[in-house]
Amino acid sequence: MSTGALKSVGPSAARPAASTVRTSRAGRMRAAATSVWTALGIVVIAVWIFPVYWMATTAFKSGPAMAADPPQLWPHSPTLVHFRKVVDDPLFWDAVTNSALVTAITVPAAVLVAFGSALAIARFRFRGRGLYVTAVMLVQMVPHVALVVPVFLTLSDVGLSDSVPGLVVTYLAFILPFAVWTLRGFIAAVPKDLEEAAMTDGCTRMGAFRHIILPLTLPGLIATSVYSMILAWNEYLFAYFIIASPHKYTVPLWLTHFVTSEGTDYGALMAGSVIVSVPVVVFFMLVQRHLAAGLTAGAVKG
């Protein structure tokens, strides 16, 4: 082979090697970036989970174990005395009943009303629609602490203070804007062409709603119901100012009676917190597949 042929072959043969080096370097950089983000994610998850872990383990510790130095990361001698103290408290069962009742009424009512409102906003044009949407957004921006006094005075005027119905009305008032705004996104993500095609094939508007909109927005309804349940079950601020009678306490309000002027019963407080967390965790586990679908269903508009 001539020298000229060797010169012509040399550079072309070197190009694939250089390209392979660049590809390998880019792969290593991507792998390093993935490792960094994975480590950061693990740190964030650990920060989130550790308070829950500490609450659960403290519920099984004895008094001396809770005050041990250095702290015990795991109870060496687990005890159920704190759980027995919680279960034997008659006010605990009153609080569970009140919270369950308030949540069972508030969540279906909020989702039903919000779904109709969101459907009107997403599918129909009417006078004042823009003002209504703006009002929903503004209500969400108002801190709840700024509404405590007006809400309490209003409920007192109509005779609903210190009552479970008063809590239901109050919870509906602050859950509805969130539910309306969330469901609006899910309904808007359903293409109007699907409804029009269904009506062209002979469906009425109600039939198109039942066969098209409702099934496609079901994950969104479930996701909204889960978050509405969490808001209603865990709400503390309004309950603290509205409810005065101990037998009408909700679960978050009942937990405060372990904090007294003489000190805090941390064992019973942690045990009670673990018990009242169970319903939300169980409900979340039952609907987690639908919840994951609901969180992504409204993200892309068809």
Side-chain angles (χ1 to χ4, degrees), residues 95-122 129 131-156 158 160-189 214 217-243 248-255 276-277 279-284 286-288 290-291 293-295 297-298:
V96 170
T97 302
N98 294 332
S99 287
L101 182 61
V102 170
T103 303
I105 297 174
T106 301
V107 173
V111 172
L112 181 63
V113 174
F115 188 70
S117 179
L119 183 64
I121 296 172
R129 175 177 175 271
L131 181 62
Y132 179 80
V133 174
T134 303
V136 171
M137 294 179 61
L138 290 177
V139 169
Q140 286 185 292
M141 298 178 185
V142 177
H144 290 168
V145 68
L147 301 175
V148 168
V149 174
V151 167
F152 177 77
L153 294 177
T154 302
L155 292 178
S156 298
V158 297
L160 290 178
S161 61
D162 193 23
S163 68
V164 171
L167 277 183
V168 172
V169 172
T170 304
Y171 289 2
L172 278 173
F174 81 85
I175 288 177
L176 272 175
F178 158 79
V180 169
W181 190 254
T182 303
L183 290 174
R184 174 185 175 273
F186 292 118
I187 296 173
L214 191 58
T217 56
L218 183 60
L221 286 169
I222 294 175
T224 305
S225 299
V226 171
Y227 285 108
S228 298
M229 177 193 174
I230 293 173
L231 289 174
W233 184 265
N234 293 336
E235 204 285 323
Y236 169 76
L237 182 64
F238 286 116
Y240 178 80
F241 285 95
I242 294 174
I243 302 299
K248 296 180 181 178
Y249 280 179
T250 58
V251 165
L253 194 56
W254 166 81
L255 286 172
V276 301
S277 301
V280 176
V281 173
V282 171
F283 183 68
F284 186 88
L286 292 175
V287 301
Q288 61 178 336
H290 299 288
L291 179 61
L295 292 175

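The analysis underlying the following values was restricted to heavy atoms, covering all of them including side chains, and did not include hydrogens, waters or symmetry mates. Predicted model, so just to flag it, every value in this text is computed and none were measured.
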Between [atom1] of [X] and [atom2] of [Y], what distance do you get to the nearest 0.5 Å?
| X | Y | atom1 | atom2 | value |
| --- | --- | --- | --- | --- |
| Y240 | T250 | OH | OG1 | 13.0 Å |
| W233 | L231 | CH2 | CG | 14.0 Å |
| I242 | T170 | CD1 | OG1 | 3.5 Å |
| S161 | I243 | OG | CD1 | 8.5 Å |
| S225 | L183 | OG | CG | 8.0 Å |
| F241 | L253 | CZ | CG | 11.0 Å |

Exercise for review: May I ask you to check whether Y171 and F174 place their ring centers less than 6.0 Å from one another?
Suggested key: yes
Point to revise | Criterion side-chain contact (heavy atoms from CB on, under 4.5 Å) on L221 and L214, from CA distance to verdict | key: CA-CA 9 Å; L221 286 169; L214 191 58; 3.9 Å; yes
Measure across [X] and [Y] and return the closest heavy-atom pair with its distance rounded to 0.1 Å.
| X | Y | value |
| --- | --- | --- |
| V276 | P279 | O-CD, 3.4 Å |
| F178 | T182 | O-OG1, 2.8 Å |
| A232 | I175 | CB-CD1, 4.0 Å |
| W254 | A95 | CB-CB, 3.6 Å |
| P177 | V136 | O-CG1, 3.6 Å |
| R184 | A118 | N-CB, 3.5 Å |

Check your understanding: Are the side chain of T217 and the backbone of G220 linked by a donor-acceptor contact shorter than 3.5 Å?
Key -> no
**Study point:** Side-chain heavy-atom pair F186, P219 within 4.5 angstrom cut-off
**Key:** no
Exercise for review: Report the residue from V180, I121, L138 that forms a side chain to side chain contact (heavy atoms under 4.5 Å, CB included) with V133.
Suggested key: I121
